[in-house]
Amino acid sequence: DLSTQIHKRLPESATAITDASSETTTVACLVSLLLDLGIETTDPRIQPAIDFLIKSRNPDGGWPSKPSNHSALYPTILAMLVFDRLGYLR
């Protein structure tokens, strides 16, 4: 799964941070970081993360802290900030 793939690519010191956070939060933060580094949204390294955020959205419009959970405020805010940066909300 995406979380496992992310953990394999992170330095050991970052693993504790991602273990404590949700998949949505982790992916949203990584997308923001990649955008800050100048990675284009069409880059194959970023598109799977964007696709994950789109697919993990709950029917109520928010994002869960864990798959199949109710929407939570923090992951929803982070996902919305990413989509705003991508220009999806304009």
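Just so it is clear, the model here is predicted, and its values are computed rather than measured.
- Annotation: the span from Leu81 atom CG to Cys29 atom SG amounts to 9.5 Å, rounded to 0.5 Å.
- Applying the side-chain hydrogen bond (donor to acceptor under 3.5 Å, both in side chains) rule to Asn58 yields the partners Ser71; only residues at least two apart in sequence or on another chain are considered.
- In this structure, the side chain to side chain contact (heavy atoms under 4.5 Å, CB included) partners of Ile46, at least two apart in sequence or on a different chain, are Val31, Leu34, Leu35, Ile39, Asp43, Ile50.
- Between Trp63 and Ala79, the shortest heavy-atom contact is CD2-CB, 3.5 Å.
- Within the 4.5 Å cutoff, the side chain of Pro64 has heavy atoms near those of the Thr24 side chain.
- The heavy-atom pair separating Pro44 from Pro48 by the smallest distance is O-CD, 3.1 Å.
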Can you give each donor-acceptor pair under 3.5 Å made by side-chain atoms of residues 82-89, sequence neighbours left out, with the distance rounded to 0.1 Å?
{"residue": "Arg85", "atom": "NH1", "partner": "Ser32", "partner atom": "O", "Å": "3.3"}
{"residue": "Arg85", "atom": "NH1", "partner": "Asp36", "partner atom": "OD1", "Å": "3.1"}
{"residue": "Arg85", "atom": "NH2", "partner": "Asp36", "partner atom": "OD1", "Å": "2.8"}

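- Atom CD of Glu40 is separated from atom CD of Gln47 by 12.0 Å, given to the nearest 0.5 angstrom.
- Annotation: salt bridge (charged side-chain N to carboxylate O under 4.0 Å, His left out) contacts involving residues 51-62, sequence neighbours excluded, are absent.
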Check against side chain to side chain contact (heavy atoms under 4.5 Å, CB included), Ser65 and Thr25: CA-CA 7 Å; Ser65 56; Thr25 302; over 6 Å; no

